[in-house]
Amino acid sequence: MERYNFKITEKKWQEYWAKNKTFSTKIDKTKKKFYCLEMFPYPSGKIHMGHVRNYTIGDVLARYKSLEGYNVLHPMGWDSFGMPAENAARQNMLSPKDWTESNISNMKMQLKRLGLSIDWDREISTCSSEYYKHQQEFFLELYDKGLVYRKEQYVNWDPVDQTVLANEQVIDGKGWRSGAIVERRKLNQWFFNITKFSSELLKGLENLDQWPNKVKVMQKNWIGKSFGCEVEFKIENSSNLNSISCFTTRPDTLFGMSFLAVSVDHPLSKFYEDDEKFKEFKKQCSTTGTTEESIANAEKIGFKTELIAINPLDNNLKVPVYFANFVLMEYGLGAVFGCPAHDQRDLDFALKYKLKVTPVVSPELNKEKFKIQDKAYTGPGYICNSSFLNGLKCPDESIIKTIEYLENEKLGTKKINFRLKDWGVSRQRYWGCPIPIMYDAEGKAHKVPKEMLPVELPNINRLEPTGNPLDKEIKWKKVSLNGKNYVRETDTLDTFVDSSWYFLRFCSPHNKNYGFDFEEAKYWMPVDQYIGGVEHAILHLLYSRFFMQALSYKNNNLNLKEPFKGLFTQGMVCHETYKDPENNWISPDEIEIKNGEKVLKKDNSIQIKIGPIESMSKSKKNTIDPEKIINTYGADSVRLFILSDSPPEKDVQWSEEGIISCFKFIQKLWSLHLKISGEIEEKHKKDSGTNLIKFTHQFIKKITDNLNNFSYNVIVANLHEMYSILSKEMANEYTRETIVENYKKILIAVMPIIPHFSNECLSLLGTRDNIKWPNYDKVIIEEDFVNIVVQINGKKRGLIKTKKNIQEDIILENIKKEKNIMKHLNNLEIKKKIYIQNKLINIIV
RNA sequence: GGGCGAAUGGCGGAACUGGUAGACGCGCACGACUCAAAAUCGUGUUUCGCAAGAAGUGAGAGUUCGAUUCUCUCUUCGCCCACCA
């Protein structure tokens, strides 16, 4: 029998789709639109299995929606600015641009071979000036709206390479390349005022009902809203400072205050700049660990000042003021009051410095003698030892009442605080979008005029190992305008800016005068389904949401606040790990199976140690190259396997056995196809086809439901069931017409999963154009007979097949005929019967 | 330390709003074809038991005629955040 030749067939269809522009889309207001978007890739060189999974999931949806009659926008582009290009360029002495572009062309070819239904006419690349020109316009637009500002911030500085390091480039406090100890340095940086939208970004989450809850919770915590108040503490004995303000969520514990602590970066610190002991303390603070966990668990240390702070609720309560390592300047006001009895961290500090511990919350009413040992009490209760606050129910009543009091007495103000910080967008890198700013002789920042955009990146073919490349481009830096000389900003934008609006660009990728066309954006936006890895749950998705807010701000043309209506986060692709006897990682390519044992190809006598299943990574050598796999098994097999086995939101395990089985399954489907399309003789015409029609409709319903639930792994199971049923049905005496008609519907239903195979079979049966998603008929699906479960005392004792919608007493009659069931009744008296029609009868004796 | 989620055969997983637990696949076993192997096809495959039957969805309780599904407590694992005042 002729085998299915995926090589010829897949190539044929991919060329057909390209030639006919099958997936190119235009605005069409007579049709409902569907914008299906997968997170665009960074062009690192080759596609990996994670891409295969991501884009297959998206493609299944895009093809399904398209068959359903939606006008589907399914674009692809390249997130092509970023450090890997710079690193590769330095290593190989070539330009980041050439490296990036050759990667893009290779990966584009690879993606096409997956048979994705992408409108390639809309392809964009963030490193092209056609793209970043508009990004520079947006920067200036936000600048005009007052959403951009400049301020000093600490960066990681590598003193040897003379460059700024990203956090992930700092390893154990040392530069990843130079190994030099990293310094903290203050630089002027540009910021987006994302915190202006803290409330909107938080509130907007409530309406995102098609987002995974997990992601919403993560964003909510990231934004970190807390309700409390600012309290002012008078300082008794200072000539420099009258008072220090603190933010607190627990003003009701003020009577338990035993110290006041401020950050070493607090304005107060400038009065201690020359104090040797303070300097030493500050140094000590900066040496504690580098990992976040070690910072959190580091010992609490303090530097006692001579200052005394006065409790605003009772002027006789006076406490010492400390600098402390656990107080962050970035949150609140960089100052806290310590209440050791009810906060573990404060308690640790108080015990260390022998400060008073006064309980002011007691678990029970009127238990003033409640004692704190080494565990702070953080539970609910009643306020005590607190003068006029005593007896208030804590925390609900006590916090509100205390804030009311403080506000009335002008001692404090109600305040909502966010953890979210403004977005620093300056990067001291070459391969990014230049910031369209220039400085005059006095160092004052000016916008680069709109007509001078884009500020193009100069071509640099050889990147120096040290410093910021743009800073050395003397010619490029100089700008003359109206007889004045300026110097360009040499920082580029964080690449997260590039990806914060690309979904808008896809709506009108060739629009010249603005980043997008409002008419097009209004039609296509929001993205109906966004699909990508959960690792972007916070930053990318939050920044994109901010960008929509910022563009809509003071702009009536764009009434859109949320870019992504639906979000789906897929799991990772994993593989077994292997090691040789010397504990070196071994790639699956180097292994073969002999007599059921995994052995090294080049030396069969060496056995392999099989390690845990982990997400594919180069360091563990457990990666599989998608291109090789597509060459060997074909795109449809790859698509089928990457969807099978695990639900898309969970991790999936890649295995050789699995992909082979999918390959074989497609071959089986092909032989079934040959049987159906070829060998039916017209003489068999006895069967009306009821069973086949019923099955077809049931199949379509299952596929439709599973598509809508993202239960793609179950669809693969449905395909297997379909094969086995259709194979059996072939023995029945249907007319050719009946068989082909139903088979075609089935082929269309599997098209989103295995498009090449499906299109080929349909086309061989004469169907090529105007293919529509088959509908199912609810009436046809209904079974005339049902199996009713017979339970006795809640235990299943038998099944009775009856006609649908039958009366309870008839079923009981039937049961009486079944010896196997009756023996469990044991002639006992029936106390109760529960009958659920068409499902179950439970007899209680 | 805080938050979120998960736990079902040898393995990946299925089970709609509580109603036949283990669909489908992998693996394994046996059989057919073959001189033989591969490929292919067929049968079986939760555990205990010869069987009748019994037990069974991480552990323990609860609600219910009935719980993988709902509630509570606990255990283990995973992910995210983390000195957040």
Side-chain angles (χ1 to χ4, degrees), chain A residues 1 212-222 224-226 228 231 246-251 253 261 263 288 291-300 324-328 330-339 343-346 348-349 378 417-420 534-535 537-538 571 574 596 613 640-641 644-647 649-653 655-658 660-662 664-665 667-668 671 702 705-706 709 711 713-724 787-799 820 823-824 831-836 838-844:
Chain A
M1 202 181 336
N213 203 41
K214 174 175 65 168
V215 174
K216 287 192 278 188
V217 170
M218 278 157 82
Q219 290 217 352
K220 194 177 159 199
N221 292 339
W222 190 259
K225 181 179 175 172
S226 50
V231 187
C246 300
F247 173 75
T248 177
T249 55
R250 294 300 304 275
T253 62
S263 158
T288 44
T291 67
E292 269 141 358
E293 198 190 344
S294 70
I295 292 168
N297 299 331
E299 198 189 358
K300 318 300 173 228
N325 64 339
F326 61 84
V327 184
L328 307 171
E330 300 89 62
Y331 185 79
L333 299 164
V336 297
F337 80 80
C339 175
D343 182 296
Q344 191 57 45
R345 192 193 49 199
D346 292 350
D348 294 344
F349 190 83
T378 53
N417 223 332
F418 293 95
R419 205 194 72 110
L420 185 68
V534 73
E535 66 272 19
I538 298 175
C574 302
I613 296 153
L640 194 61
F641 181 52
S644 66
D645 277 3
S646 289
E649 69 274 16
K650 295 217 320 194
D651 288 354
V652 68
Q653 191 198 338
S655 72
E656 188 74 8
E657 295 87 348
I660 290 173
S661 126
C662 287
K664 286 180 185 167
F665 180 60
Q667 293 295 342
K668 282 190 192 176
S671 58
K702 275 189 201 167
D705 290 350
N706 287 328
N709 295 330
S711 302
N713 55 324
V714 185
I715 293 182
V716 178
N718 297 151
L719 295 198
H720 284 278
E721 285 166 348
M722 179 272 287
Y723 170 80
S724 103
N787 284 321
I788 291 182
V789 179
V790 183
Q791 291 187 341
I792 291 167
N793 290 335
K795 274 197 175 164
K796 180 189 160 196
R797 293 300 182 189
L799 276 178
N820 280 336
K823 74 177 178 193
H824 292 282
K831 288 182 188 148
K832 197 176 170 185
K833 286 170 297 200
I834 294 110
Y835 177 54
I836 314 288
N838 300 329
K839 273 199 175 151
L840 169 142
I841 184 160
N842 191 2
I843 300 166
I844 312 300

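All values reported here derive from a predicted model rather than from experimental measurement. Numbers restart at 1 for each chain; the letters A, B, ... are given by sequence-line order, proteins then strands.
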Checking all strands, does K796(A) fall into the base, sugar-phosphate, or nothing category for heavy-atom contacts under 4.0 angstrom?
base
Answer yes or no: side-chain N or O of Q791(A) and base N or O of rG19(B) forming a donor-acceptor pair under 3.5 Å.
yes
For rG18(B) and rU71(B), measure between their C1' atoms and round to the nearest Å.
13 Å
Shortest non-hydrogen separation from E721(A) to K702(A) and the atoms involved:
OE1-NZ, 3.5 Å
Spacing of CD1 belonging to I844(A) relative to CD1 belonging to I834(A), to within rounding of 0.5 Å:
4.5 Å
Tell me what K300(A) touches on the nucleic acid: a base, only sugar-phosphate, or nothing, going by heavy atoms under 4.0 Å.
base
What nucleic acid atoms does K216(A) come within less than 4.0 Å of, heavy atoms only: base, sugar-phosphate, or nothing?
nothing
Shortest side-chain distance from M218(A), nucleotide among rC24(B), rC80(B), rG3(B)
rC80(B)
Indicate yes or no for a side-chain donor-acceptor contact from D346(A) to the backbone of C339(A) under 3.5 Å, with no hydrogens or angles considered.
yes
Side chain of P647(A): nearest nucleotide among rG12(B), rA14(B), rG27(B)?
rA14(B)
Re rA55(B): Watson-Crick or G-U wobble partner, both distances kept under 3.5 Å, found to be rU46(B)
Side-chain heavy-atom pair V789(A), L799(A) within 4.5 angstrom cut-off:
yes
For nucleotides rG78(B) and rG60(B), find the distance between their P atoms and express it as a whole number of Å.
24 Å
Using a 4.0 Å heavy-atom cut-off, does S644(A) contact any base of the nucleic acid, only the sugar-phosphate backbone, or nothing at all?
nothing
Find the partner of rU69(B): check Watson-Crick (N1-N3 plus N6-O4 or O6-N4) and G-U wobble (N1-O2, O6-N3) distances, both under 3.5 Å, and reply none if neither fits.
none
Inter-residue atom distance D343(A).CG - D348(A).CG, 0.5 Å rounding
9.0 Å
Using atom C1' in both nucleotides, what's the gap between rC80(B) and rA85(B) to the nearest angstrom?
22 Å
Syn or anti for rG62(B) (syn when the glycosidic angle lies within 90° of 0):
anti
Taking rC11(B) as the reference, what is the distance to rG58(B) when you measure between their P atoms (whole Å, please)?
13 Å
Would you say the side chain of K214(A) and the base of rC79(B) hold a donor-acceptor pair, judged only by whether the two atoms sit under 3.5 Å apart?
no
Students often get this wrong, so: under 4.0 angstrom with heavy atoms, is I836(A) touching a base, only sugar-phosphate, or nothing?
base
Would you mind classifying the nucleic acid contact of N842(A) as base, sugar-phosphate or nothing, using non-hydrogen atoms under 4.0 angstrom?
base
Once you apply a heavy-atom cut-off of 4.0 Å, does V534(A) come out as touching a base, just sugar-phosphate, or nothing?
nothing
Distance between the P atoms of rG13(B) and rA7(B), in whole angstroms?
10 Å
Of the options rC81(B), rG66(B), rC83(B), whose atoms approach the side-chain atoms of F326(A) most closely?
rC83(B)
Check every atom of rA85(B), rG19(B), rA82(B) against the side chain of I834(A) and return the nucleotide holding the closest atom.
rG19(B)
